[in-house]
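Labels below follow one simple rule: chain letters A, B, ... track the order of the sequence lines, proteins then strands, and each chain is numbered from 1.
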Amino acid sequence: MINLELPQKVKNTQMMSHQLAAGVFRPIARKYDKIEHCEIPKELVPVGKMLAAAGSGGKLGADGGGGGEGVKNGGNMMGVVGTTEMAWGCCGLMLSIPGMGLGNAAISAVGSPEQKEKFGKLYCAMAITEPGCGSDSAAVQTTAVLEGDEWVLNGEKIFATAADRGDAVVVWASLDKTIGKAAIKSFLVEKGTPGMSVVRVEDKMGLRVSDTAALLFDNCRIPKENIMGNPEIADTEEARKKAFGGVMQTFDNTRPQVAAMSLGVARAALELAKELLEKESVCPQYNKSFFNSTALEAELYKMEAELEASRLLTLKAAWMADNKIPNSKEASMCKAKAGRVGNYITLRCVEICGSLGYSEDALLEKFARDSKILDIFEGTQQIQQLIVARHVLGKSSRDLK
Amino acid sequence: MINLELPQKVKNTQMMSHQLAAGVFRPIARKYDKIEHCEIPKELVPVGKMLAAAGSGGKLGADGGGGGEGVKNGGNMMGVVGTTEMAWGCCGLMLSIPGMGLGNAAISAVGSPEQKEKFGKLYCAMAITEPGCGSDSAAVQTTAVLEGDEWVLNGEKIFATAADRGDAVVVWASLDKTIGKAAIKSFLVEKGTPGMSVVRVEDKMGLRVSDTAALLFDNCRIPKENIMGNPEIADTEEARKKAFGGVMQTFDNTRPQVAAMSLGVARAALELAKELLEKESVCPQYNKSFFNSTALEAELYKMEAELEASRLLTLKAAWMADNKIPNSKEASMCKAKAGRVGNYITLRCVEICGSLGYSEDALLEKFARDSKILDIFEGTQQIQQLIVARHVLGKSSRDLK
Amino acid sequence: MTAQAIDLLFDLNLTEEQRITRESLIRFSNVEVQSISRLSDEDGAVPADFYDKTAQLGLSLLSIPEEFGGAGMPRSPLSNMLSLEDLGKGDMSLALGTMTPLSFVNVLLDQGSESQQEKYLSEIADEKFKVGTIALMEPKATFEATELDTTADKTDAGYILNGEKSMVALAEDALSILVVAQCDGVISAFVVERGAEGLAIQKEEFMGLRPLGLYRVTLTNTLVSDSARVGGSDNPFDVQRVVDLGNIGLCAAAVGCCQAVLDYVVPYVNERVAFGEPISNRQSVAFMVADMATEIEAMRLMVYRAASRAEQGLGFHKEAYLAKVLVADKAMEIGTNGVQLLGGHGFTREHPVEMWYRNLRSVGILQGVAVV
Amino acid sequence: MTAQAIDLLFDLNLTEEQRITRESLIRFSNVEVQSISRLSDEDGAVPADFYDKTAQLGLSLLSIPEEFGGAGMPRSPLSNMLSLEDLGKGDMSLALGTMTPLSFVNVLLDQGSESQQEKYLSEIADEKFKVGTIALMEPKATFEATELDTTADKTDAGYILNGEKSMVALAEDALSILVVAQCDGVISAFVVERGAEGLAIQKEEFMGLRPLGLYRVTLTNTLVSDSARVGGSDNPFDVQRVVDLGNIGLCAAAVGCCQAVLDYVVPYVNERVAFGEPISNRQSVAFMVADMATEIEAMRLMVYRAASRAEQGLGFHKEAYLAKVLVADKAMEIGTNGVQLLGGHGFTREHPVEMWYRNLRSVGILQGVAVV
């Protein structure tokens, strides 16, 4: 039966995450934005332990679970709802919780039991992007060559979240660049492995507390068993496509989570803007039709409508994942919409609150800085539009680029 | 010296055109929208004669003139300003004035003295588009083959404005389809020439009074001298490009004129919406900052700003043409902006006036129907963006398609 | 409506009953509605037998109590909303026309007394198409449903109504018109019956929704009895509920229409070749289509949520309000982009996109129809 | 300002004088401004010698009468606007800082008495950078320049000022601050001199314009003499003129900044390769760039028209208002698209686009600076 309200158990997750966000993240959000580069913020250490104990690590992208037969509201929906709340508190801090890296999610999804055992408790980053390729994940230039019992990695990675503070990194590399997508595999590299170095930690506009590092692999040797998934390169065109499709599918589960970050930041901005405006007697009541309202009310209604639309798209994509319904199109839809809406809302909230919005006295300006990357990373707006378009039009990536 | 006000002589043109628009077009705009298909509206016959006597026929795209040395405000600016006013009255009627067809403009621009003599006084339509090609003017499939002293035309044309009511049609056809753009020439075909027939007159959403016809050429024979411009196909790649470039350049002069139509229709809508709203005590005074206004005021301000921006872009493009400054980029800029803004404003004006806007009692709904095609014909929004992008990025049509 | 007793999961699946109803409605929409859509638009009227065909779907009858001639099924805003989406995909005008009696029925079921239900619904509950309709809007640019110019004055004989109503669907054929009016400082509603004195009905012409039949209803000292007043001083007429449920219905029809746009343009842009390739290989075309699909899904979910809350007896004013804000904006965007994607062809009446453009412009305007 | 005596042609050519001034300003902007832009942003301050270098351009001096130490050139809103565009292309913050004294000068030239000009402008007219500034804004989301909370009360000793001003440029270094306040029901302005009692100045931190130095100025029973009041009951202070001329200046700086964005992204998207081709071969990228170019040109013309009308002594309130509406919208769009085109790289402080994003957000907010 059609119901778009959250059930109690999801609301519980929401409430707990909100408490964490309001109690721990919000009060220190400005401080760490100012500090920018630092060790793992000490306030986050107990948070990481708590979440690990609660089994939240790597749960992103986990499937349904719970609910017995029939429809399920599981890990994906919990993830989306929890992420929204935490990002509401501070998206940068959420991305800095030790043990909750994107690498952890990958290990949890496709790691072998041994890998899960060994790396599951570490703080694992993910390194995909390279200087020469942005959203083009198939153009990975980093190579992995098997020499005896070791893989030898060479190449450069950028924009690896938590790669400086993390204990290990999941690295995408190609076994054979002449083959393309199908030869791309991921590898586990522990911090301190000779040949891997952090080139720099980026200075960024937003998400400043979150470390974004560039890594260099210079004959970096790792044990043979540190490859994730099947070490063979598929030998038919069909199988190769499928193999890379499998890699890309992991994004189907993470895109709604990034959309959720956008939702959280945007809602934070909208709520704060409303608070500030209420003090000046602007109190939207939904009691006049749109064009009979004041300009400020109309702006707030528009933002609220766009935010709610993005939220429902994101919940739908998560709900599909929980219920094992292929959701590649919907995952991109929610990421595209939430990304652009999040950026629009946060920027607009700064504007409608004038000097109060632009000031560092409030967090609105920070939200407007943080939100921008959420329309870029994990696939830009344009990449999401491409994916949606290919689904809707029935096109291959060759026809529509 | 920078001055964006119109000089008196242009204002005079504006005033005269406005009188014509207000006195002749407006009162009969609804009537002919309802009638749709008819002979040349009788009210337009004296208008055509008057304009022909004033030498306005084919003046679109004429160069500067007047003003002596230094900067010029000439035919292009007069054209833009006059067109805006007439379209303000009724764009469909403006396009139906006998003797003022697009074909007349082409003859005036590139016709031989004999052709001007013979066809200049006729009402000449222009037939470019074909069922298989929209904005792709280079893909013309209609052929022209010289047999003895005659050209034999074969093919089908659509969307030819005034081709049913006109006395003659300027037809684009290819001398050799294997050669492409460079082989495209234009031909003068008189009404009643055997082999040319009007297949149908389109039923349209807007501009209903203006006839838009589909033509069939079935071994249609015309005299050898009815070819316009150089009958030879350029023999070097360079010369071919240039030849087609010359054909396309005529569009540089007409795009601002079509932008002007958009401006006229949009301003008509905005003025009418303001009139209706003023009766209900909505009177924007520009006395509060944007977000401290009411939603209706803010909407009106936004529309007014967008309209004014489009108007200035259009004036600039015309001013460049008058002063012999290459304006291909600016012509596309103004067409792109005016086209999208015109459609946005007319649709919005209907919305903010509610049932009064949607009703046939006022002309707002008609403006919203008329405006849509102005973002499409003479090169769609997307084609204009392509042209601007190629200029800004320094790209060829091969790189950026 | 069922109160939310149990802790429902987030779910987008239809119930078995809804699925079956949808299937038959979609079939009806494809076969009977879409096929006459263009013709009806050109005629500004529906074929003579169309509405009687819709009556056989029994939509208006369904929730009327059995004792008044209906099927006595539970009143379901959600199912009504789905019906509007399905019919709207076939044709918005015909969808709104088909649902006009149901709008009237729903308001009386929600807010009418039992005796009013008996009196006014019994005559609607028929196998032929019988019309009741709602007269809410007034001919004003800044119309606001809670601030009406139409008045009702209490006299000894009953209430005397004066005012001008606009965009009243199917008024000419209506047995009963629910007129919303200002009475003693509050918004109230009165059922005016066919042929009442001082009641004048005149066809209005609009940009779109041409076959729907929208009328100007003028009331000049029209007297109705006390019993014609829906709601009273102790249970005042809830005009906001009518507006909100109407917005849900209208938005659902618009979502259906937008889906029709998308379904039409996809094969078109895939087949249409320019510059040597299908135009859908160009990002400007493909992204426009992608955004259409995304926004349709977004609108649909907004409307579903509002309807589902109404169904469950939860508050739904804000949800309906926001759905309307979004849909008024995005539906028109889709309408205009639908034409754009077809270029010059989209501007001709050979293709339906221009009609959808005109119909979708109504979404930001219309109120008090399609009350689900 | 020259009254429009002659019938001017529509013209976009610069005068010879303007052309020469522009050339040198563009050179200065490229060499001296742009080169320190990022550094200044990171430091939240300009290098020590920067403003004195700008003083050598003589911008503030130009229109001050010779008897008060200036060059006695005609006051030219148009030339000032062009300077802001050129400097804004190098850096918005530094452009606004550079023009801050000129803002103060212009208001006094327009609205001050001769004795006020003598008193306050003589000290600004120096080869070193001397600051006068305007305190108009207040810390309120719904700030409106014509409805101020800061008050001035007439007493025997003069006027007593109370209130809080926000975003006052370079206040800490200012010799004079023109405080706009409510006085006897009308908006008035008062020159408060450095070190006045009850004057507190505190740095404010913002999302962007970090090197500019914007201050909170608090006035607590600050007494100024009668002669400090600019305008009076017979010639009331024209705050709208200040707002309008300030909007023209700010918008011009924003146009310059947007041009910098365009000039930066064009080579970037032409060189950046993804999926085997320069990303500029993709329509989504190319059209974004095309729209940037179009909107920059549109903004520029709007600003030029308002400035040119001001220059000619024609009314320019509506033109300045509409320019601001357009620029606030499109400049931010260009700011955010500039980052988008660089993808993840645009989010790092290695490239200037993120700084422009932050700076351009100020356009919809700031008032009473860059009065041309």
Side-chain angles (χ1 to χ4, degrees), chain B residues 34 129 131-136 138-139 158-159 200 202-208 212 214 273 276-282 296 339-340 343-344 347-348 350-362 364-366 368-373 375-377 380-383 385-386 397 401, chain C residues 38 42 137-144 165-167 204-210 214 216 272-277 279 281-285 288 328-329 332-333 335-351 353-358 360-367:
Chain B
K34 286 276 189 193
T129 311
C133 78
S135 295
D136 185 3
I158 55 171
F159 302 152
R200 68 174 180 278
E202 302 285 357
D203 294 330
K204 304 190 302 298
M205 171 162 74
L207 298 190
R208 290 186 165 203
T212 306
L276 292 172
L277 288 168
E278 203 173 337
K279 286 184 194 157
E280 299 178 24
S281 305
V282 177
L296 278 174
R340 65 188 178 228
N343 192 223
Y344 148 69
L347 280 172
R348 186 65 103 196
V350 169
E351 187 180 15
I352 63 173
C353 289
S355 62
L356 305 192
Y358 202 57
S359 162
E360 286 190 2
D361 290 347
L364 286 177
E365 65 85 27
K366 177 178 178 296
R369 287 187 284 112
D370 290 349
S371 76
K372 184 64 216 181
I373 194 66
D375 199 22
I376 295 174
F377 72 16
T380 61
Q381 176 67 220
Q382 289 69 31
I383 291 291
Q385 286 172 311
L386 263 182
S397 57
K401 355 178 231 202
Chain C
R38 168 57 75 188
E42 289 287 327
M137 295 185 68
E138 297 177 350
K140 254 177 96 171
T142 58
F143 172 75
E144 187 71 52
K165 292 291 179 182
S166 183
M167 302 193 98
E204 294 178 316
E205 302 287 345
F206 294 99
M207 179 184 186
L209 303 182
R210 302 185 67 80
L214 291 166
R216 180 74 56 98
R272 177 93 185 156
V273 172
F275 302 101
E277 272 182 277
I279 61 172
N281 286 6
R282 304 274 166 255
Q283 286 192 340
S284 64
V285 168
M288 205 180 256
D329 193 23
M332 191 64 246
E333 190 178 310
T336 191
N337 285 344
V339 178
Q340 194 75 26
L341 286 168
L342 268 72
H345 299 277
F347 196 62
T348 70
R349 303 211 296 280
E350 210 177 321
H351 294 275
V353 284
E354 67 80 29
M355 180 175 65
W356 294 331
Y357 172 98
R358 290 183 286 109
L360 286 169
R361 181 60 303 175
S362 70
V363 179
I365 291 162
L366 213 51
Q367 290 186 53

ask   = Are B:Glu360 and B:Lys34 close enough, and set up right, to give a salt bridge (charged side-chain N to carboxylate O under 4.0 Å, His left out), and what steps lead you there?
value = CA-CA 10 Å; B:Glu360 286 190 2; B:Lys34 286 276 189 193; 2.4 Å; yes
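- Looking at B:Arg340, neither its backbone nor its side chain comes within 4.5 Å of chain C, counting heavy atoms on both sides.
- Proximity to chain C (any heavy atom under 4.5 Å) is restricted, for B:Ile158, to the side chain, taken from C-beta onward.
- For C:Ile279, no part lies near chain B; criterion is any non-hydrogen pair under 4.5 Å.
- Both the backbone and the side chain of B:Glu351 come within less than 4.5 Å of a heavy atom of chain C.
- Put simply, of C:Arg361, C:Glu277, C:Met355, the one with the most heavy-atom pairs under 4.5 Å next to chain B is C:Arg361.
- Judged purely by atom type and a 3.5 angstrom limit, B:Asn343 has no side-chain atom pairing as donor or acceptor with the backbone of B:Ser371.
- When each of C:Met332, C:Glu350, C:Met167, C:Lys140 is scored by its heavy-atom pairs under 4.5 Å with chain B, the top score falls to C:Lys140.
- C:Tyr357 OH to B:Met205 CE: the interatomic distance, rounded to the nearest 0.5 Å, is 4.5 Å.
- Heavy atoms of C:Arg282 lying under 4.5 Å from chain B belong exclusively to its side chain.
- For the 3.5 Å distance criterion, the side chains of B:Glu280 and C:Thr142 qualify, holding a donor opposite an acceptor.
- Highest contact tally toward chain C, considering only B:Arg348, B:Lys279, B:Gln381, B:Lys401, is held by B:Lys401 [criterion: heavy-atom pairs under 4.5 Å].
- Interface remark: B:Ala368 contributes backbone and side-chain atoms alike to the contact with chain C (heavy atom separation under 4.5 Å).
- To the nearest 0.5 Å, the span separating OG on C:Ser284 from CD on C:Gln340 amounts to 9.5 Å.
- Comparing C:Glu205, C:Gln283, C:Met137, C:Glu138 by how many heavy-atom pairs each has under 4.5 Å with chain B, the most go to C:Glu205.
- Partners of C:Glu354 according to the salt bridge (charged side-chain N to carboxylate O under 4.0 Å, His left out) rule, which considers only residues two or more places apart in sequence or in another chain, are C:Arg38, C:Arg358.
- Counting heavy-atom pairs under 4.5 Å between each of C:Asn281, C:Leu209, C:Val363 and chain B puts C:Leu209 at the top.
- Each of B:Leu277, B:Leu276, B:Val350, B:Leu386 has some count of heavy-atom pairs under 4.5 Å with chain C, and the biggest count is that of B:Val350.
- Checked against ring pair (Phe, Tyr, Trp, His ring centres under 6.0 Å), B:Phe159 has the following partners two or more places apart in sequence or in another chain: C:His345.
- The closest side-chain donor-acceptor pair between C:Ser166 and C:Glu204 falls under 3.5 angstrom.
- Remark: C:Ile365 CD1 to B:Leu356 CG distance equals 9.5 Å, nearest 0.5 Å.
- Contacts between B:Asp375 and chain C at a heavy-atom distance below 4.5 Å involve backbone atoms as well as side-chain atoms.
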